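Only heavy atoms go into these numbers, but all of them, side chains included; no hydrogens, no water, no symmetry mates. Being a predicted model, the structure only gives us computed values, none of them experimental.
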Amino acid sequence: MVQPPAVVLLSGGLDSATTMAIAARAGFSVHALSVRYGQRHAVEIEAARAVAQHQGAAAHIILETDLRAFGGSALTADLAIPKDRPDAGAAGGIPVTYVPARNTIFLAHALGWAEVLGATDLFIGVNAVDYSGYPDCRPEFIAAFEAVANLATRSGTESGKRFTIHAPLIAWSKAQIIQRGLALGVDYGMTRSCYDPDPAGRACSRCDSCRIRLAGFVEAGIPDPAPYSS
């Protein structure tokens, strides 16, 4: 049986690795797309490469789009990464680690590749439960981009195809994501989520992303296999 192609945005983190496994289990031929956008935590790109190979992606593209030209985020500019915030993952305003329009940009690239592949399914590992309050991780954004995809492409107009943006993790807790991923064989030791890793690529355990991830593993009752500096 021929598997239909799908484009999966693969950052190299916990959520995207789980999303990729979900897409594969659903019967899609996974075409993974990672973006090197000038992020200070570029170690995630090597993690994405390892995850794509481990999970048997049909193809894996690492796209170069340097958002440091714009800055505006602690991930792409010389701004301090918040550490030890007690409200990490809670709704308390949009943190400085938000990258302006990042998921819009990433999904636009994924949509372009999907058109070339003849794919109508795109997967993104956004989450609106255990997350940092980014506006481009909400269900409203996903629905809006899906509408754009079907209005702004030849496939969605002339060919009459309908794009679907899948965000399977959007309403799950981090613990639920981890449990589902483990059931699908995801190796979380390969994934990297830290915003401020050390030169050896070890996670800091103190940024919002680390704190949310570690809390998820605690809730799931499983030790995090990724390396930490402390």
Side-chain angles (χ1 to χ4, degrees), residues 3-24 28-77 97-127 134 136-137 145 149 153 163 165-169 181 184-203 209 213 226-227:
Q3 293 179 306
V7 177
V8 178
L9 285 168
L10 181 67
S11 69
L14 182 154
D15 293 339
S16 67
T18 307
T19 298
M20 180 176 172
I22 289 172
F28 290 100
S29 173
V30 172
H31 290 66
L33 177 62
S34 304
V35 183
R36 192 191 309 272
Y37 61 93
Q39 64 270 50
R40 65 194 299 163
H41 56 309
V43 64
E44 69 176 5
I45 295 297
E46 292 309 312
R49 198 190 307 274
V51 169
Q53 183 175 1
H54 177 71
Q55 294 195 22
H60 182 209
I61 287 178
I62 299 174
L63 193 67
E64 304 284 342
T65 300
D66 197 346
L67 297 183
R68 288 176 298 183
F70 302 147
S73 168
L75 301 188
T76 58
T97 50
Y98 163 70
V99 179
R102 179 175 60 182
N103 284 341
T104 306
I105 294 166
F106 288 3
L107 279 170
H109 287 312
L111 179 62
W113 193 16
E115 272 212 283
V116 172
L117 293 170
T120 55
D121 295 273
L122 287 70
F123 284 78
I124 183 170
V126 293
N127 175 259
Y134 301 151
D136 54 1
C137 289
F145 192 92
T153 56
F163 287 100
I165 312 298
H166 301 266
L169 315 183
L184 293 172
V186 175
D187 182 351
Y188 288 120
M190 292 182 174
T191 65
R192 298 291 183 270
S193 304
C194 181
Y195 290 152
D196 195 24
D198 70 9
R202 297 175 300 179
S209 185
R213 175 179 172 130

Give, for atom CD1 of Ile165 and atom CG of Leu9, the distance between the pair rounded to the nearest 0.5 Å. 9.0 Å

Heavy-atom distance under 4.5 Å between the side chains of Val30 and Gln3, does that happen here? no

Nearest heavy atoms of Ser209 and Ser193, plus distance in Å: OG-O, 2.6 Å

Walk me through it: do His31 and Leu117 pass the test side chain to side chain contact (heavy atoms under 4.5 Å, CB included)? CA-CA 9 Å; His31 290 66; Leu117 293 170; 3.7 Å; yes

Flag yes if more than 12 heavy atoms outside Arg40 fall under 6.0 Å of its CZ atom; otherwise flag no. yes

N/O donor to acceptor pairs below 3.5 angstrom from side-chain atoms of residues 101-109, sequence neighbours left out:
residue, atom, partner, partner atom, Å
Arg102, NH1, Tyr37, OH, 2.7
Asn103, ND2, Asp136, O, 2.9
His109, NE2, Thr65, OG1, 3.3

Would you find a donor on one side and an acceptor on the other, under 3.5 Å apart, between the side chain of Ser73 and the backbone of Tyr98? yes

Heavy-atom nearest pair, Pro197 first then His41, reads CD-CB, 3.8 Å

Between Ser34 and Ala48, the two heavy atoms sitting closest are OG-CB, 3.4 Å

Are any side-chain N or O atoms of Gln55 and backbone N or O atoms of Ala21, one a donor and one an acceptor, separated by less than 3.5 Å? yes

Is there side-chain contact between Arg49 and Ile62, with heavy atoms separated by less than 4.5 Å? yes

Heavy-atom closest contact (Val7 atom, Ala110 atom, distance): CG1-CB, 3.7 Å

Nearest heavy atoms of Ser16 and Gly12, plus distance in Å: OG-N, 3.3 Å

Criterion side chain to side chain contact (heavy atoms under 4.5 Å, CB included) on Asp15 and Val126, from CA distance to verdict: CA-CA 7 Å; Asp15 293 339; Val126 293; over 6 Å; no

Grab the two heavy atoms, one from Thr191 and one from Ala226, that are nearest each other, plus how far apart they are. O-CB, 3.9 Å

If I take atom OH from residue Tyr195 and atom CG from residue Leu75, how far apart are they, to the nearest 0.5 angstrom? 6.0 Å

Show me the pairs that pass ring-ring contact (aromatic ring centres under 6.0 Å, His included) and involve residues 51-71, at least two apart or across chains. none

Nearest-0.5 Å distance, CD1 of residue Ile124 to OG of residue Ser11: 9.5 Å

Taking atom CD of Gln39 and atom CD1 of Ile45, what is their separation to the nearest 0.5 Å? 5.0 Å

Would you check if the side chain of Glu46 reaches a backbone N or O of Ala42 as a donor-acceptor pair within less than 3.5 Å? no

For Pro168, enumerate each residue passing the side-chain contact (heavy atoms from CB on, under 4.5 Å) test, keeping only those at least two apart in sequence or located in another chain. Thr19, Ile22, Phe123, His166

Applying side chain to side chain contact (heavy atoms under 4.5 Å, CB included) to Leu122 and Leu111, what does each step give before you reach the verdict? CA-CA 7 Å; Leu122 287 70; Leu111 179 62; 4.1 Å; yes

Does Glu44 come within less than 4.0 Å of Arg192, counting only side-chain N to carboxylate O? no

